[in-house]
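A short worksheet on the structure shown next.
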Amino acid sequence: MPVIPGPDDVLAAAERLAPHVVTTPLLESPLLDARVGGRLLLKAEMLQRTGAFKWRGAMNRLLQLSDDERRRGVVAFSSGNHGQAVAAAARRVGTSAVVVMPADAPRMKVDRTRAHGAEVVLYDRLRDDREAIGRRLAAERGLVLVPPYDDPMIAAGQGTLALEVARQASGLGARLDAFLVPCSGGGLAAGCALALERESPGTEVYTVEPAGFDDMARSLAEGRRVENRAGGRSICDALLAAAPGEMTFEVNRPRLAGGLVVSDEQVLDAMAAAFDALKVVVEPGGAVALAAALSGALDCRGKTVAVVLSGGNVDPETFARALSRSPA
């Protein structure tokens with residue numbers, strides 16, 4: 001049975017992370033509110049260090065390394081954002097990092113990970129097992145494995161995002177009816193669900209995934225962990241986990257209201273809408289929650305809905321593709 005974090009772990013992470021994280025803004029747009037018929041409060045996590053929420057979990061984990069672990073160094077596997085965060089956090093705490101990344105990851109994510117000082121090991125996403133590569137490197141080199149989501153310290157760190165949202169919304173006099181969060185392995189959703197369980201217990205939390213990678217939605221519906229079908233494709237490179245994490249699903253199953261699914265076309269529309277209405281850059285995986293609100297996957301009429309814009313590390317070609325579309 002995996003170690004399951006609780007709300008107190010998120011509160012402890014918030015205190016630990018206070019000197020290290022950016023309290024990102026909660027944005028509003030009358031244009032977007034008019035489109036959905038409700039009130040959207042958008043958490044601009046692309047303004048976090050390394051450009052994504054992943055910094056929170058990585059930093060929370062690495063701040064708790066022992067002196068011996070810090071001397072040995074860490075290894076992570078990541079599609080990009082977790083890798084960048086681990087690399088930057090490793091430099092901040094004075095250790096080394098190896099990051100296992102897919103060869104087809106956006107070039108800017110690979111380059112940024114290297115720029116933060118990490119050694120990057122590339123693998124074939126369709127043929128290789130990144131977790132096995134990470135475990136092998138950990139065993140061969142004596143490195144500490146820092147997984148992207150299925151770790152209680154990672155999830156607790158990610159949950160500090162929802163603590164901020166709840167408190168920012170309260171400061172605006174808003175009561176959150178729903179909370180939309182992008183989902184891959186489920187670490188962000190788990191941490192946010194734990195935070196909201198204490199800070200805003202009446203808020204319904206929904207995961208949002210790209211079509212073809214809706215393993216969390218299907219797992220929640222079936223009450224057991226199920227995997228994605230092989231061979232799927234999506235522009236949401238940050239959200240392509242094969243299945244929910246064991247620990248994250250144990251946290252999410254009793255706490256989430258459900259899982260929503262959006263298409264790549266809806267994601268591109270959301271990226272364009274975010275730039276048009278808010279003047280912010282959101283990567284595909286970071287835009288799925290907004291896509292769920294704008295497409296009607298969640299009916300936002302008459303509701304106040306928090307929407308996590310989880311990252312902004314998008315390659316220029318994909319962003320140009322989004323901007324070539326006229327916002328609906």
Side-chain angles (χ1 to χ4, degrees), residues 3 5 9-10 12-24 45-66 69-70 72-101 105 109-110 112-121 130-131 134 137-138 143-164 181-192 194-195 237-239 241 245 247-248 283 285-286 308 310-313:
V3 176
D9 294 300
V10 181
E15 184 174 350
R16 188 179 300 114
L17 290 172
H20 304 284
V21 300
V22 174
T23 300
T24 54
E45 200 66 4
M46 76 289 296
L47 302 179
Q48 188 55 258
R49 299 185 192 278
T50 68
F53 77 96
K54 288 288 191 178
W55 170 259
R56 297 173 184 268
M59 196 68 203
N60 190 48
R61 176 66 184 89
L62 267 61
L63 283 171
Q64 297 179 75
L65 291 173
S66 67
E69 290 173 329
R70 192 175 287 109
R72 286 156 49 195
V74 300
V75 59
F77 45 86
S78 167
S79 61
N81 286 335
H82 178 64
Q84 291 182 77
V86 169
R91 174 173 280 180
R92 195 176 183 98
V93 304
T95 191
S96 60
V98 179
V99 180
V100 180
M101 300 182 70
K109 290 186 177 182
V110 176
R112 292 278 177 84
T113 302
R114 288 184 172 130
H116 286 302
E119 174 191 347
V120 174
V121 175
R130 67 179 190 171
E131 297 187 28
L137 290 170
L143 304 173
V144 177
L145 187 63
V146 181
Y149 50 82
D150 215 16
D151 179 285
M153 288 178 276
I154 295 289
Q158 318 297 32
T160 61
L161 180 156
L163 279 182
E164 290 179 9
V181 56
C183 182
S184 182
L188 177 59
C192 289
L194 290 170
D237 62 279
L239 304 182
M247 179 275 295
T248 62
E283 65 182 279
V308 178
S310 59
N313 294 313

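Just so it is clear, the structure is predicted and the values come from calculations on it, not from any experiment.
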Taken to the nearest 0.5 Å, the spacing of R56 CZ from H20 NE2 works out to 13.0 Å
Rounded to the nearest 0.5 angstrom, the OG1-CD distance for T160 and E15 is 12.5 Å
Separation between OG (S96) and CZ (R72), nearest 0.5 Å, reads 11.0 Å
- Item | Derivation of the side-chain contact (heavy atoms from CB on, under 4.5 Å) call for L161 and Q48 | CA-CA 10 Å; L161 180 156; Q48 188 55 258; over 6 Å; no
| message | So V308 and P182, do their side chains get closer than 4.5 Å, heavy atoms only? | response | yes
Output side-chain donor-acceptor pairs under 3.5 Å for residues 145-159, partner residues at least two apart or in another chain, one line each.
residue: D150; atom: OD1; partner: E246; partner atom: N; Å: 3.4
residue: D150; atom: OD1; partner: M247; partner atom: N; Å: 2.8
residue: D150; atom: OD1; partner: T248; partner atom: N; Å: 3.3
residue: D150; atom: OD2; partner: E246; partner atom: N; Å: 2.9
residue: D151; atom: OD1; partner: M153; partner atom: N; Å: 2.8
residue: D151; atom: OD1; partner: I154; partner atom: N; Å: 3.1
residue: Q158; atom: OE1; partner: G57; partner atom: N; Å: 2.8

Of all heavy-atom pairs linking V120 and R114, the shortest is CG2-CG, 3.4 Å
When every non-hydrogen atom of S78 is compared with those of V99, the smallest separation belongs to CB-CG1, 4.3 Å
Taken to the nearest 0.5 Å, the spacing of L239 CG from S310 OG works out to 6.5 Å
For A195 and A162, the nearest pair of non-hydrogen atoms, with its separation, is CB-CB, 3.8 Å
Item checked: Expected output: side-chain W55 to main-chain A88 donor-acceptor under 3.5 Å -> no
Could you tell me whether the side chain of D9 and the main chain of G191 form a donor-acceptor pair under 3.5 Å? no
Closest heavy-atom pair, R91 versus A115, reported as atoms and distance to 0.1 Å, is NH1-O, 3.6 Å
Taken in chain and number order and not counting sequence neighbours, the residues that satisfy salt bridge (charged side-chain N to carboxylate O under 4.0 Å, His left out) with E119 are R141
task = Please step through side-chain contact (heavy atoms from CB on, under 4.5 Å) for the pair V93 and M59, ending with a clear verdict.
result = CA-CA 9 Å; V93 304; M59 196 68 203; 3.7 Å; yes
Keeping the roles fixed (side chain from E69, backbone from S66), state whether a donor-acceptor pair exists under 3.5 Å.
yes
Residues A97 and A87: closest non-hydrogen pair is CB-CA, 4.2 Å
Side-chain donor/acceptor of R112 to backbone N/O of Q84, under 3.5 Å: no
To the nearest 0.5 Å, atom SG of C183 lies from atom CG of L188 at 8.0 Å
Notebook entry, point to check: Taking R70 for the side chain and G94 for the main chain, is one N or O donor matched with an acceptor at less than 3.5 Å?
Noted result: no
Does the pair V86 and R61 meet the rule for a side-chain contact (heavy atoms from CB on, under 4.5 Å), with working shown?
CA-CA 9 Å; V86 169; R61 176 66 184 89; over 6 Å; no
Checking M46, E283, K54 against N313 for side-chain contact (heavy atoms from CB on, under 4.5 Å), the one that qualifies is E283
Smallest heavy-atom separation, S79 atom then A105 atom, equals O-CB, 3.6 Å
